[in-house]
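What follows is a single structure, written as structure tokens, with notes after it.
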Amino acid sequence: MKILVSDFSGGITDTPFNSPENCGEVVDNFLILKDKTIETAPGMEVLSPSAYRVPSQKRISLIKKLSEGRYIAFSDRSAYVVTESSITELRGPNASRTAFNAGDENSIVTAEVFNNQIYATNDAHATPIKIFVDANGIVQLRTAGLPAYTGTPTITGATGTNNFVYAFTYYYEYRVGNTLFADESTPRYIEKKSVALNVTIDDLTPIVNGTLYNYDLANIKIRIYRTVSNGATLYLIKEVAHDHTLPITDDVTDADITQLQGLYTNGGISNNDTPSPAKVIFECNDTYYYLNIIQNGEDKPFRLKQSITNDPDSVPDDYFLDFKDKIIGGAGVGRSPVIITENQVVRLDGIIDEIGQGSIQKEVISHTVGGVSHNGIVRTSKGIYFAGKDGFYFTDGFSTPTKLAKKDAFSSRIDNTYKNLIKTEQQKSRIQGAYDALNNRVLWTVQEDSEDNDRIYVYDETHDSFTTLSNNGNVLPTALTIDAGDIIIGDSIVTGK
């Protein structure tokens with residue numbers, strides 16, 4: 001006997017014989033429509049038939065859109081610029097250095113976009129980087145922030161009545177398109193007492209990239225600031241190249257110096273400490289959060305650090321907050337960050353401002369639901385979806401997280417299926433999600449039965465149900481993003497949509 005089925009809105013279920021008729025054990029390569037019927041999922045085409053493989057032919061960890069028609073694909077320690085006609089590895093000012101200074105093919109990259117710049121790190125605690133398109137339309141790669149000035153310049157002069165304080169910083173200006181940005185380091189302060197004017201300053205300390213960093217040495221300066229005699233406010237008296245080697249004369253009088261530009265820390269502004277190596281980075285309300293960090297050489301998997309608002313390159317050392325267990329990831333819900341640890345979901349209220357005032361308060365919204373993957377957190381206008389310890393969840397940042405494809409108050413229709421997706425730590429870390437706002441769908445790529453991600457779970461918000469997408473192992477969707485309704489997929493060899 002034929003049965004006509006017109007309602008597929010229940011999606012997949014672990015128990016097809018004990019579920020409503022609108023559910024099925026397998027609903028693969030179909031998408032549920034608003035009228036509860038289904039349509040065949042569209043096929044995939046290679047983004048560029050002439051350039052579809054990253055040169056290393058290693059798995060792609062993450063894809064981020066940089067500008068129209070241009071994406072950044074992260075693979076191993078490298079970053080690649082992907083367009084419809086080319087895939088080119090992005091290197092720093094020294095062409096021999098890759099994007100990250102730590103990690104391997106299995107490293108998980110996390111990244112956020114700020115003012116047309118991509119800030120990125122990975123779970124090997126690589127030094128955070130930033131990627132942007134400069135005023136000439138060229139994609140650039142730089143190490144985020146600037147190191148503190150730690151050298152000890154030689155300051156000499158004849159005996160006199162002046163008591164000066166000097167400050168030394170590194171300074172860097174760059175353009176993203178036509179917009180000017182500037183980074184300035186944590187200062188080094190040196191007192192010089194009982195000295196006459198016409199002081200000589202020598203033995204400045206340059207920045208060295210070595211094998212670890214991608215600083216733009218050709219354009220970094222050293223700034224020298226000084227107070228009036230017996231003063232506390234610092235003013236800019238000299239700016240030279242970071243590798244300047246000749247003696248510098250300070251002959252600026254107290255009468256003239258107060259007309260000059262002040263040091264950014266005047267008035268109690270916090271130091272622009274460089275971002276700590278972090279496994280995770282995310283943005284909320286124009287403020288960046290670095291999670292699961294290394295601070296002063298010590299592993300702090302339970303620690304979060306907050307940047308100065310509108311300045312992801314500047315993360316004061318004392319702007320931190322600790323949690324009860326290891327931080328998995330986070331995302332913004334409205335104006336509030338939500339942090340997901342192994343065993344909790346926590347909303348953060350408040351912020352530390354640029355002078356170090358204010359505080360961050362923790363509000364635990366679940367003491368039992370934890371997460372498994374930062375890249376599995378999907379931010380929407382309504383809240384966040386995430387891959388939890390025992391299922392896919394949603395929270396609006398205030399309410400207790402609830403399971404998707406709800407079967408009853410405590411379980412999902414795919415609980416048993418989900419267990420198969422998180423059997424190993426590798427499976428957990430490789431879950432990655434994206435939001436299709438045009439069709440109200442959440443997509444997660446997962447590792448189910450292969451050596452890498454091999455299936456995409458598609459959650460339909462309208463019907464609270466899942467279908468799946470697969471390709472018989474021909475494409476392993478290790479990374480995905482969504483751009484204007486197009487699903488951009490990356491795997492070990494192909495970038496397509």
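A donor and an acceptor atom, one from each side chain of D273 and Y319, are nowhere located under 3.5 Å apart. Side-chain atoms of T478 and N453 include no donor-acceptor pair closer than 3.5 Å. Between the side chains of K389 and N343, at least one donor N or O sits under 3.5 Å from an acceptor N or O. Between the side chains of S373 and K428, no donor-acceptor pair is found at a separation under 3.5 Å. Side-chain N/O atoms of S96 and N94 include a donor and acceptor closer than 3.5 Å. Checking T186 against N271 by side-chain atom types alone, no donor-acceptor pair falls below 3.5 Å. A side-chain N or O of Q361 and one of S359 form a donor-acceptor pair less than 3.5 Å apart. S75 and S78 are not linked by any side-chain donor-acceptor pair at a separation below 3.5 angstrom, with hydrogens and angles left out of the test. Side-chain contact annotation: T309 with D286, donor-acceptor N/O pair under 3.5 Å absent. A side-chain N or O of Y172 and one of R142 form a donor-acceptor pair less than 3.5 Å apart. For the residue pair E354 and S270, no side-chain donor N or O sits within less than 3.5 Å of a side-chain acceptor on the partner.
For K382 and D396, the salt-bridge test fails: no basic side-chain N is under 4.0 Å from an acidic carboxylate O. A salt bridge is defined here as a Lys NZ or Arg NE, NH1 or NH2 lying under 4.0 Å from an Asp or Glu carboxylate O, and D134 with R175 fails to meet this definition. Using a 4.0 Å cut-off between charged nitrogen and carboxylate oxygen, R430 and D452 count as a salt-bridge pair. Ion pairing between K300 and E298 holds under the 4.0 Å rule for side-chain N and carboxylate O. Salt bridge D104/K58: absent, no basic N to carboxylate O contact under 4.0 Å. In summary, K221 and E239 do not engage in a salt bridge, as defined by a charged side-chain N under 4.0 Å from a carboxylate O. Remark: E89 does not engage R77 in a salt bridge, criterion side-chain N to carboxylate O under 4.0 Å.
For the side chain to side chain contact (heavy atoms under 4.5 Å, CB included) with Y225, the qualifying choice from I237, I257, T169 is T169, the only one to do so. Partner W444 forms a ring pair (Phe, Tyr, Trp, His ring centres under 6.0 Å) with one of Y435, F392, F386, Y393 and no other, that one being F392.
Cation-pi geometry between R303 and F320 is met: under 6.0 angstrom from the ring centre, within 45 degrees of the axis. Note that R223 lies in the cation-pi zone of Y171, set by a 6.0 Å cut-off to the ring centre and a 45° limit from the axis. Judged by the 6.0 Å and 45° rule, R226 forms a cation-pi pair with F164.
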(request) Verify side-chain hydrogen bond (donor to acceptor under 3.5 Å, both in side chains) between T143 and N214, making sure each step is shown before the conclusion. (result) CA-CA 5 Å; T143 299; N214 279 303; 4.8 Å; no
(request) Could you please spell out the steps behind the salt bridge (Lys or Arg N to Asp or Glu O under 4.0 Å) verdict for K238 and D250? (result) CA-CA 8 Å; K238 298 286 181 180; D250 169 20; over 6 Å; no
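Looking only at side-chain heavy atoms (C-beta outward), N272 and I308 come within less than 4.5 Å of each other. At least one side-chain heavy atom of T127 sits less than 4.5 Å from a side-chain heavy atom of Y213. You'll find the side chain of V176 stays beyond 4.5 Å of the side chain of V133, heavy atoms only. At a threshold of 4.5 Å between non-hydrogen side-chain atoms, the residues S107 and F74 do not count as touching. Proximity of D183 to K130: side-chain heavy atoms (C-beta onward) are separated by under 4.5 Å at one or more points. Side-chain contact check for I351 versus I360: every heavy-atom pair is 4.5 Å or farther apart. For the pair N106 and R59, the minimum side-chain heavy-atom distance is below 4.5 Å.
Across all non-hydrogen atoms, the minimal contact from G358 to I352 is O-CG1, 4.1 Å. Contact detail for C284 and G332: the closest heavy-atom pair is SG-CA, 3.6 Å. In plain terms, the two heavy atoms of I294 and S276 that are nearest each other are O-CB, 3.4 Å.
For Y119 and Y288, the gap between ring centers is short of 6.0 Å. Taking the six-membered ring for Trp and the full ring otherwise, the centers of Y174 and F181 sit less than 6.0 Å from each other.
In this pair, Y385 and F394 present their aromatic rings tilted. The plane angle is within the 30 to 60° band.
Checked by atom type and distance alone, the side chain of H244 never pairs as donor or acceptor with a backbone atom of L204 at under 3.5 Å. No side-chain donor-acceptor contact under 3.5 Å links T265 to the backbone of I269.
Annotation: N178, atom CG; neighbour count of heavy atoms from other residues, nucleotides and ligands within 6.0 Å does not exceed 12. More than 12 heavy atoms of other residues, nucleotides or ligands shown are found within 6.0 angstrom of NZ on K192.
Note that CD1 of I201 is 10.5 Å distant from OG1 of T154, once rounded to the nearest 0.5 Å. Atom CG of D76 is separated from atom OG of S61 by 10.0 Å, given to the nearest 0.5 angstrom. Separating the CG atom in D216 from the CD atom in E173 is a distance of 12.0 Å, to the nearest 0.5 Å. Distance CZ/F168 to CG/L234: 10.5 Å, rounded to 0.5 Å. The CG atom of D202 lies 10.5 Å from the CD1 atom of I155; values are rounded to the nearest 0.5 Å.
Under the ring pair (Phe, Tyr, Trp, His ring centres under 6.0 Å) criterion, Y289 pairs with F282, sequence neighbours left out.
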